[in-house]
2 protein chains.
Amino acid sequence: MRKTIDQVAQLAKVSKATVSRVLNNSPKVTEETRERVMKVVKELGYYPSAMARRLTTNKAETIGLIIPAPHDRTFGNPFYTEIIRGFAHQAKIKKYDLLLFTNEHKFNYSQLFYDRRVDGLLLIGVKRNDKGIIQLSKKEFPYILTGKIDYEDANYIDAENRRGAYRAVSYLANLNHKKIAYIGGSFEFVFNQERFEGYLSALQDHNLEYGKELTMESISTQESGYEAMRKILKFSPIPTAVFAANDLDAIGAMKAVKEKGLRIPEDIAFIGFDDIQLASFMDPPLTTVRQPIFEMGTTAINLLVGMIEGRVKGAQQIELPTQLIIRKSSGKIRMCK
Amino acid sequence: MRKTIDQVAQLAKVSKATVSRVLNNSPKVTEETRERVMKVVKELGYYPSAMARRLTTNKAETIGLIIPAPHDRTFGNPFYTEIIRGFAHQAKIKKYDLLLFTNEHKFNYSQLFYDRRVDGLLLIGVKRNDKGIIQLSKKEFPYILTGKIDYEDANYIDAENRRGAYRAVSYLANLNHKKIAYIGGSFEFVFNQERFEGYLSALQDHNLEYGKELTMESISTQESGYEAMRKILKFSPIPTAVFAANDLDAIGAMKAVKEKGLRIPEDIAFIGFDDIQLASFMDPPLTTVRQPIFEMGTTAINLLVGMIEGRVKGAQQIELPTQLIIRKSSGKIRMCK
DNA sequence: CTGTTAGCGCCTTCAA
DNA sequence: TTGAAGGCGCTAACAG
């Protein structure tokens, strides 16, 4: 036998309206009746039906989280697990449920709003040209992207990619590196392009050479970072430093360098991007541009909830600062040559 | 203005009951009226409210997924992301939503059933002595654990851990290794103990020595695998082979071995457990006991849905077979000594 | 095969 | 401060 608000009302000798008020912390209830009701609630083990409440209030109390499809390798990146934990943690605090979807079969995001399953949407790993987002914006459905896309009015939260990359490469330049290679992910994602631009602009400001053979695209996994580095090592002279636009690429690349019998950082210095847990454990520990991943998750939730509840209006575009974490892989100032 | 079933009914000149029948594919509707109704549905852009349906049918159409708390390092293991993709993929097929929770603050699982937010629960990374599970079982709430626990009547899906470990270690023994070390995760998780038991029993069957200094506990991360191996290497003579109860430990351990200037597999052979993507990319590629991770995810969903819909009854305990994937790290037969 | 009716369990006016 | 009544949008009997 299911417990309902009516049973509580009867046992507490009040109307169900009053029970509802007590449960929703309405101020206009006597302390006495509140206690009486709560006593019955406890004894009965009553929990209000989420579905009934949601139907009446017309709120789903739910945020949808869309993750890349199973065949998309990028999802293995620890960045995602970390930001998801940020989401889950903060959603609980804000009293929203988190619904998980994979982005398969040209998924129509709006439908989740139409059938009122979600109040808002969080999307991670969305490609820059995703058209579905435009529709969300036009319909004014609350959503936040993790990472900028081409659509100008999109709501997103991101890190200061260009600046982070710029600082990393400048750091290498100031260490007297003249030939700095770049390994980074696909430009399908804007953040990858921005990091590349940060790299370029640092080269320029330091009057360093730029060459096609110094830049290599990768799919942001250790494997492909490894392959990318092997290609770079085929050209000579080889670079004295590498900036990788994400840590997994950096880690894979370091492996290729070691395999060749070269030393890090003496022969080739390294800087990555993200600061995943693994980074500090590398040998040598990886210097990297830290993104505040967990915080990006919690911030995204707070912002989204603000949009849902109407406190925040207009396009939301937030970029969180990054921080250069200096470890051994970037080495000391370079004297020779 | 929100679209409701009434509007569709009016425009299609039928009752809302008929609209409902059409939408739920009831067989007793004329093809003609079905078409008429569907036409209106399309034109109007009508989607039935999930919440209203759920309230009426008293089904949440939702499965809860409980992941380890943010401070729990084990969640970074690629095993989890992979199985979650299996869950998400299959849940969609079965038309269930997946609700994500982190296991914080002595979370009372049953509450999710009380307020009817979920029809069933999937729990990953649950420790062997978790008392909350007993309550779920007693109340006959549908749930599935990923990984066995101490409670005998628990529903779980797992891999054949003992057998997988046994085969791996036997393989090493047959390669003529006499001194085989073990690195594995905490016995807080039953699967870790089972893998250890598989190791022990293989040693026994091959009349090999067992020594405390040959076994090292780790928390299943690369870092701790690395540390564990460094400790093992301090004893002499050092082992000629290592069985690690998960790939991350194996990968970390291999790093420690290489650092010492030892060769893999010539000086020390390695076998891991899981077959995460990274395993095949190692240098040398890691021989490992493959768990069918994605399949464990889809199987769990199917089983859980069966329980929810009453087609499956009683305690469900499934162990999926593992497979030894032989790569370079385990080496060839050992002649010397 | 289709329509009518009656809830599902809750919140929210409106009166008292 | 409390109660009565109505309705959220849908499905499920039960008639017809």
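Letters go in sequence order (proteins before strands), and every chain restarts at 1.
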Could you tell me whether the side chains of B:Thr102 and B:Glu104 share a donor-acceptor contact shorter than 3.5 Å? yes
Any side-chain donor near an acceptor of the partner, B:Tyr114 and B:Lys139, under 3.5 Å: yes
What integer distance in Å separates [X]:[atom1] from [N]:[atom2]?
X	N	atom1	atom2	value
B:Lys3	D:dC8	NZ	P	17 Å
B:Tyr47	D:dC10	OH	P	14 Å
B:Glu61	D:dC10	CD	P	13 Å
B:Asp6	D:dC10	CG	P	8 Å
B:Arg54	D:dC8	CZ	C1'	16 Å

Tell me if the centroids of the rings in A:Tyr143 and A:Phe141 come within less than 6.0 Å of each other.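 No - the distance between ring centres of A:Tyr143 and A:Phe141 does not fall below the 6.0 Å cut-off.
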Can you tell me if A:Lys59 has over 12 outside heavy atoms packed within less than 6.0 Å of its NZ? no
Residues forming a side-chain contact (heavy atoms from CB on, under 4.5 Å) with A:Asn24, sequence neighbours excluded: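 For A:Asn24, the residues satisfying side-chain contact (heavy atoms from CB on, under 4.5 Å) (neighbours in sequence not counted) are A:Ser20.
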Any side-chain heavy-atom pair from B:Ile63 and B:Phe87 closer than 4.5 angstrom? no
Shoot me the first and last contacting nucleotide of DNA chain C against chain A, ordered 5' to 3', at under 4.0 angstrom to non-hydrogen atoms.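 So the outermost contacting nucleotides come out as C:dG9 to C:dT13.
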Between protein and nucleotides 11-16 of chain D, map the contacts as a letter string: B base, S sugar-phosphate only, - none, heavy atoms under 4.0 Å, written 5' to 3'. BBB---
Is any side-chain N of the basic residue among A:Lys39 and A:Glu35 closer than 4.0 Å to the acidic one's carboxylate O?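 Salt bridge: no.
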With salt bridge (charged side-chain N to carboxylate O under 4.0 Å, His left out) as the test, pick out the partner of A:Glu61 among A:Lys95, A:Arg53, A:Arg116.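 When A:Lys95, A:Arg53, A:Arg116 are each tested with A:Glu61, the salt bridge (charged side-chain N to carboxylate O under 4.0 Å, His left out) holds only for A:Arg53.
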